[in-house]
Peer 1: 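Pasting a structure below so you can have a look.
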Amino acid sequence: MKRQMVMDLEGLSPIKVSIDQFYGIEINDFAVTVAKTALWIAESQMMTETEGIVMMDLDFLPLGTEANIVEGNALRMDWNDVIGKEKLSYICSNPPYVGARYMSVRQKGDMGIAFEGWKNVGDLDYVACWYKVAAEYMEGTLVRTAFVSTNSVCQGSAVANLWKPLMQKGVHLDFAYKTFVWGSEASTQAHVHCVIVGFSTAESKKPKKLYDGDRYQVVKHIDAYLADADDVFVEGRGTVLCDVPEIGMGNQPIDNGNYLFEKDEMEEFVKMEPLSKKYFHPWYGSREFINQKPRYCLWLGDCTPAELRKMPECMKRIQAVKDYRLASSRASTKKSPIHQQDFKPRTCRKKTIL
């Protein structure tokens, strides 16, 4: 028979954790309300469970706790105004992801504020702001932070641009989960490749754990690429290491979408312009590669002027690209409009201009 213990606490509450101890910042007013409600629901559920453990009736209503969710832009406010860092223990979040080339004017303004005085910020994704702001907030404290974010923060140029300056100021990784797929219940089944990075500015005596799926290993050090290795940063350089051709900008259509088609769009276009079928080729960017769902590029580089004149729909696309490039504010783009009398692509060191 199980023994049950009844706690006589003489008016003292057995609950040592309440939602009064949780603080948050949310930019969307509706999401603020949802978050507060969710905290109160969770508190009610936990109090019910606690009653069964301590064998006491615990009053939940009227509400005596405060859900400290503040409405505001986390990148434009002092987190100390929400909760003083000396009173805090942990920070956790899933910051919003927006690619470096897809930010709104406001988001670019946030980047400028968060990274004022930093170099090479233009190649960082929006999520990098939270790492920078959290690191500055934690400085001189025992606060520890863990963020779920896209794995872009631990790949490519972002590592040297973001982590090298942070680590030079004393930031180190306490634990990390290597890339994993965060699935979606949406009908399109989009997947995001994420990492979890735990970091702080105070050295911990706890073992550092590096997770890979369900397995983990205890390591001496975790570098910014999420490897068991010393801190080494691969940085960009302006000159080649040996006598090889330079790599320029790679694939940069500058076509305003006129040459890129989803599969169904390509099929509809071919119905209108049957001769164009052989000029469509699979096209992979990062999104297409991750989801293994290519778009299709209408590449007319091998098409002769005589054949092009038989394809009026293709001619419309060419004219649209020309108009788009001529209307650009970038001098380099204006220098490369195609002309109807010359449909052969001009190839330069950096890119092929269609």
Side-chain angles (χ1 to χ4, degrees), residues 4-97 110 114 126-127 129-149 174-177 182 184-185 192 194-202 204 206 209 211:
Q4 293 182 331
M5 179 176 65
V6 178
M7 301 177 68
D8 183 9
L9 299 174
E10 298 181 352
L12 295 177
S13 173
I15 298 175
K16 302 304 179 184
V17 177
S18 74
I19 62 173
D20 283 334
Q21 296 167 272
F22 293 83
Y23 294 78
I25 304 171
E26 169 57 51
I27 197 169
N28 182 279
D29 57 351
F30 178 72
V32 170
T33 302
V34 171
K36 288 183 176 182
T37 304
L39 282 172
W40 280 317
I41 291 172
E43 184 179 37
S44 174
Q45 292 171 334
M46 291 304 100
M47 288 189 73
T48 300
E49 287 196 23
T50 304
E51 285 180 336
I53 296 171
V54 302
M55 307 298 292
M56 292 177 60
D57 290 329
L58 302 172
D59 293 329
F60 176 66
L61 296 173
L63 294 173
T65 52
E66 176 66 27
N68 301 300
I69 309 298
V70 176
E71 181 182 342
N73 185 334
L75 301 179
R76 298 190 181 224
M77 60 191 301
D78 185 349
W79 293 5
N80 285 289
D81 293 338
V82 178
I83 173 69
K85 62 182 181 181
E86 71 281 353
K87 300 177 182 178
L88 198 64
S89 298
Y90 301 101
I91 302 170
C92 58
S93 180
N94 173 26
Y97 170 75
D110 293 340
Y126 191 48
V127 70
C129 294
W130 273 260
Y131 286 89
K132 165 69 160 44
V133 174
E136 291 182 340
Y137 176 73
M138 291 190 297
E139 194 170 354
T141 73
L142 298 177
V143 178
R144 302 193 181 281
T145 297
F147 286 151
V148 181
S149 67
D174 298 322
F175 72 91
Y177 281 76
W182 191 337
S184 168
E185 295 181 359
V192 180
C194 298
V195 293
I196 303 176
V197 183
F199 61 102
S200 62
T201 57
S204 173
K206 293 182 179 180
K209 293 183 179 180
Y211 293 83

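In this text the structure is predicted, and so the values were computed from the model without any measurement.
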Peer 1: Please name the residue in the list T201, I91, T145 that meets the side chain to side chain contact (heavy atoms under 4.5 Å, CB included) test with Y137.
Peer 2: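 Running side chain to side chain contact (heavy atoms under 4.5 Å, CB included) over T201, I91, T145 with Y137 returns exactly one hit, I91.
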Peer 1: My understanding is that only one of W130, Y131, Y126 makes a side chain to side chain contact (heavy atoms under 4.5 Å, CB included) with S149; could you say which?
Peer 2: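 Answer to the side chain to side chain contact (heavy atoms under 4.5 Å, CB included) test with S149 among W130, Y131, Y126: Y131.
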Peer 1: Which pair of heavy atoms, one from V148 and one from C194, lies closest together, and at what distance?
Peer 2: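 For V148 versus C194, the nearest heavy atoms are CG1-CB, 4.4 Å.
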Peer 1: Applying salt bridge (Lys or Arg N to Asp or Glu O under 4.0 Å), can you list everything that pairs with E136, at least two apart in sequence or on another chain?
Peer 2: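 Per chain and number, E136 pairs via salt bridge (Lys or Arg N to Asp or Glu O under 4.0 Å) with K132.
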Peer 1: Using the six-membered ring wherever Trp is involved, compare the ring planes of Y177 and Y211 and label them parallel, tilted or perpendicular (cut-offs 30° and 60°).
Peer 2: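 Correct class here is parallel.
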Peer 1: Look up atom CD1 in I25 and atom CG in D81, then write down how far apart they are to the nearest 0.5 Å.
Peer 2: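 Atom-to-atom, I25:CD1 and D81:CG are 9.0 Å apart.
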Peer 1: Of the non-hydrogen atoms in I27 and E71, which two are nearest, and what is the gap between them?
Peer 2: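 Taking every non-hydrogen atom into account, O-CG, 4.1 Å.
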Peer 1: Identify, with sequence neighbours excluded, every residue that meets salt bridge (Lys or Arg N to Asp or Glu O under 4.0 Å) alongside K36.
Peer 2: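 K36: no salt bridge (Lys or Arg N to Asp or Glu O under 4.0 Å) contacts found.
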Peer 1: Would you check, one step at a time, whether the test side chain to side chain contact (heavy atoms under 4.5 Å, CB included) holds for F175 with K206?
Peer 2: CA-CA 10 Å; F175 72 91; K206 293 182 179 180; over 6 Å; no
Peer 1: For A134 and F199, work out which heavy atoms get closest and say how close.
Peer 2: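 Smallest heavy-atom distance, with atoms named: CB-CZ, 4.2 Å.
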Peer 1: So does W79 get a backbone contact from the side chain of K85, meaning a donor-acceptor N/O pair under 3.5 Å?
Peer 2: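 No, K85 side chain to W79 backbone: no donor-acceptor pair under 3.5 Å.
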Peer 1: Let me know which of V82, V70, I69 forms a side chain to side chain contact (heavy atoms under 4.5 Å, CB included) with Y23.
Peer 2: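 Of V82, V70, I69, side chain to side chain contact (heavy atoms under 4.5 Å, CB included) with Y23 is met by V82 alone.
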Peer 1: Provide the closest heavy-atom pair for R144 versus A202 in the form atom of the first, atom of the second, distance.
Peer 2: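 Closest pair (atom of R144, atom of A202, distance): NH1-O, 3.1 Å.
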Peer 1: Begin from the C-alpha positions of D110 and N73 and carry the test side chain to side chain contact (heavy atoms under 4.5 Å, CB included) through to its verdict.
Peer 2: CA-CA 9 Å; D110 293 340; N73 185 334; 3.2 Å; yes
